[in-house]
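Please read the structure below before turning to the comments.
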Amino acid sequence: MNERDVECDVLVVGTGASGMAAAVTAASQGLKVLVVEKEPRYGGTTARSGGWLWIPGTRLATEQGIHEKPGAARIYLQHETTTHFDAARVDAFIENGPKAIEFFTRKTPVQFDMPAVFPDYHAEAPGGAQGGRSMVARPFDGRELGPRIKQLAPPLPELTVFGMMLGSGKEIWHFMRAFRSLTSFIYVTKRLSRHMLDVLRHGRGMTLTNGNALAGRLAKAGMDLGIPVWLNSPVRKLLVEGDRIAGAWVEREGKRTQVTARVGVVLACGGFPHDVERRKALFPHAPTGKEHYTPSPAANTGDGLRMAEAVGATVDPTIPNAAAWVPTSVTTRPDGSHGVMPHFIDRAKPGVIVVTRHGKRFTNEANSYHDFVQDLVKVTKGDKEVFAWEICDHKTLREYGMGCVAPFPLPIGRHLRTGYLQRGKTLEDLARQIGVDPAALKSTVDIFNKDARKGDDAAFARGSKAYNRYQGDALNTPNPCVRPIETGPFYAIKLVIGDIGTFAGLAVDAQTRVLDARKQPIKGLHAVGNDAASVMGGNYPGAGITLGPALTFGYVAGIALAQAAAEAKVAPPVFTELPHAA
């Protein structure tokens, strides 16, 4: 391949939230930034995520009248991170999170909405909170991106309705009640009409929500600063000059380009959810590395980790959980391809339980997805396959939906024909279809129903935690998470293990500098997002504990690089031959 040279201050590898946060922050400080992306579209995992961020102590919380008790967030994180509590990084996160929110919301198009109540996943633990820490990207008009909207990665199809992204919270609430409330029906009709009109005019919906909105807003922030973004441009190798990282070899348009980074390189490649070999080494439920189903982008194959290891960096294999676990189901799309559906909310709805292949419940199904999977791994230890069955009756399925199956009035026939959704006239019939002992399943449901008729769950205390109740149905009383399973026919969906991002990443310090085996910074090399070891210590304290640190430490990296440039008195580079943004 031909070679050509390009020079910049900062090279950012990846266009997810962490990479774009670093790029925007560094550029705002006067540095010349180049962003390169392996995929033909930008946005990474962020673009298909829920778009939630967990950051304590922000102005958004105080505007809701929520004031953090001094030290509460640190106490909570120390409790949650257990063996992998990194005091310096946790303190940096708590200190800089609010600063990052101030910077982005005051200086860029990146905006957020914060509900008054969204409990931490373990709100009852020391330092836990009932709200004020989780926020979501504000919906964004994709037309503000101009032609660049066509290059934004789409949301996960399994999380859309007619290709339309649903905003978290109130919007989902309206769609669930469209045929039970005139107000909701009118809301849904207007929303669908607007979406269909956008599709006719622009080829896609223009009301971006959740992670797509966050990716779009960060892209607009980068456009406003004139940051070039190269798509279809994978990084092949880091450049070493003396004792520092001086840039990287980038493959672009079939040509090998040497990108010299005067100040530093930021790795934000999205972790390793599709790296079969590293999954084999770190995922206990995947002995060959293939027994895992992730909705993350296929390009997230651990490039950043491997390149950094090649120059002396390390990945900690002892982290309690190597990824942010989520139960998933594998569906067949209308075009015949397979999709992976993460089960975030449906397990908490009243009238739903989950059983093992033996037909027995094993946990509080309304707990967080990360906790649920850990319990599933424990109860299936020694089994050849790690899976479970999510069970509900007809009333529940049509009222709330389950997995990819939408509630009434959307049809369920396609899911029955593909085998994604299993149905039986009776519980015993359903059990035979899914390979579960009929008597065991019937007994499990009978025991559950006896308590459920009183709104109780003596076995696993569904609805006893704030997070359980938040994800349930407040209109279902006395327990928003409990209702008998008794109106046939009955349904089941197979649950397998997936992730929404990896936790085992490169060892970094509080300034996001990548560390070598001696715990010394590798000069000129930073890692953020899922390329860096999770500041949460391999656990999942609340909604947005991936994107919250991603935005925060992206901001930290940008500031650190600006300070390094000032100390080194780096002269502005000349972009005389820099190709225009893709």
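Computed from a prediction, not measured in an experiment: that's the story for all the values here.
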Determine whether the aromatic ring centres of residues Tyr369 and Tyr121 are separated by less than 6.0 angstrom.
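Yes, close enough.
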Applying the side chain to side chain contact (heavy atoms under 4.5 Å, CB included) criterion to Val235, which one of Val265, Leu267, Val250, Val259 satisfies it?
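The passing option is Val250.
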Which one of Val514, Asp516, Leu515, Val508 satisfies the side chain to side chain contact (heavy atoms under 4.5 Å, CB included) criterion with Pro521?
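Answer after filtering Val514, Asp516, Leu515, Val508: Leu515.
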Could you give the distance from [atom1] ([X]) to [atom2] ([Y]), rounded to the nearest 0.5 Å?
X: Thr512; Y: Leu525; atom1: OG1; atom2: CG; answer: 9.0 Å
X: Gln130; Y: Asp120; atom1: CD; atom2: CG; answer: 8.5 Å
X: Leu159; Y: Met341; atom1: CG; atom2: CE; answer: 5.0 Å
X: Thr552; Y: Leu547; atom1: OG1; atom2: CG; answer: 10.5 Å
X: Asn539; Y: Thr81; atom1: CG; atom2: OG1; answer: 7.5 Å
X: Leu218; Y: Leu551; atom1: CG; atom2: CG; answer: 6.5 Å

Step by step, work out the ring-ring contact (aromatic ring centres under 6.0 Å, His included) result for Phe104 and Phe112.
CA-CA 10 Å; Phe104 283 104; Phe112 304 98; 7.9 Å; no
Would you indicate whether the side-chain heavy atoms of [Y] and [X] approach each other to under 4.5 Å?
X: Val110; Y: Val24; value: no
X: Lys69; Y: Ile75; value: no
X: Met114; Y: Thr58; value: yes
X: Pro109; Y: Asp224; value: yes
X: Arg347; Y: Glu390; value: yes
X: Arg133; Y: Tyr76; value: yes
X: Val240; Y: Ile245; value: yes
X: Arg41; Y: Pro154; value: yes

[X]/[Y] ion pair, N-O < 4.0 Å:
X: Glu7; Y: Lys32; answer: no
X: Arg48; Y: Glu39; answer: no
X: Glu124; Y: Lys465; answer: no
X: Asp275; Y: Arg279; answer: no
X: Arg306; Y: Asp303; answer: yes

Apply side-chain contact (heavy atoms from CB on, under 4.5 Å) to residues Ile559 and Thr25 and explain how you reach the verdict.
CA-CA 7 Å; Ile559 296 297; Thr25 305; 3.8 Å; yes
List the atom of [X], the atom of [Y], and the distance in Å for their closest heavy-atom pair.
X: Val263; Y: Ala565; result: CG2-CB, 3.7 Å
X: Ala550; Y: Ala21; result: O-CB, 4.4 Å
X: Leu238; Y: Val311; result: CD1-CG2, 4.1 Å
X: Ala92; Y: Phe553; result: CB-CE2, 4.2 Å
X: Ala246; Y: Glu241; result: CB-CB, 3.6 Å
X: Val33; Y: Pro228; result: O-CD, 3.2 Å

For [X] and [Y], indicate whether the former's side chain and the latter's backbone hold a donor-acceptor pair under 3.5 Å.
X: Asn210; Y: Asn212; value: no
X: Thr380; Y: Val386; value: no
X: Arg138; Y: Asp113; value: no
X: Asp531; Y: Cys269; value: yes
X: His343; Y: Thr328; value: no
X: Ser233; Y: Leu231; value: yes
X: Gln29; Y: Ala562; value: no
X: Thr62; Y: Arg59; value: yes
X: Gln111; Y: Thr105; value: yes
X: Arg89; Y: Ala533; value: yes

Evaluate side-chain contact (heavy atoms from CB on, under 4.5 Å) for Asp371 paired with Tyr540, printing each intermediate quantity in order.
CA-CA 8 Å; Asp371 292 350; Tyr540 213 110; 5.7 Å; no
Under a plain distance cut-off of 3.5 Å, with no hydrogens placed, do [Y] and [X] share a side-chain donor-acceptor pair?
X: Lys38; Y: Thr301; value: yes
X: Ser368; Y: His122; value: no
X: Gln520; Y: Arg518; value: no
X: Thr45; Y: Asn300; value: yes

For residues 494-505, please give each side-chain donor-acceptor pair under 3.5 Å, one per line with the distance, not counting sequence neighbours.
{"from": "Lys494", "atom 1": "NZ", "to": "Glu385", "atom 2": "OE2", "distance (Å)": "2.8"}
{"from": "Asp499", "atom 1": "OD1", "to": "Thr294", "atom 2": "OG1", "distance (Å)": "3.4"}
{"from": "Asp499", "atom 1": "OD1", "to": "Gly501", "atom 2": "N", "distance (Å)": "2.8"}
{"from": "Asp499", "atom 1": "OD2", "to": "His292", "atom 2": "NE2", "distance (Å)": "2.6"}
{"from": "Asp499", "atom 1": "OD2", "to": "Thr294", "atom 2": "OG1", "distance (Å)": "3.1"}
{"from": "Thr502", "atom 1": "OG1", "to": "Phe272", "atom 2": "N", "distance (Å)": "3.2"}

According to the interplanar angle, ranging from 0 to 90°, do the rings of Phe118 and Tyr467 count as parallel (below 30°), tilted (30 to 60°) or perpendicular (above 60°)?
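Parallel: the ring planes of Phe118 and Tyr467 meet at under 30°.
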Step by step, work out the side-chain contact (heavy atoms from CB on, under 4.5 Å) result for Val315 and Leu506.
CA-CA 5 Å; Val315 174; Leu506 299 167; 3.8 Å; yes
Under the side-chain contact (heavy atoms from CB on, under 4.5 Å) rule, what do His526 and Val10 come out as? Steps first, then yes or no, please.
CA-CA 10 Å; His526 294 249; Val10 176; over 6 Å; no
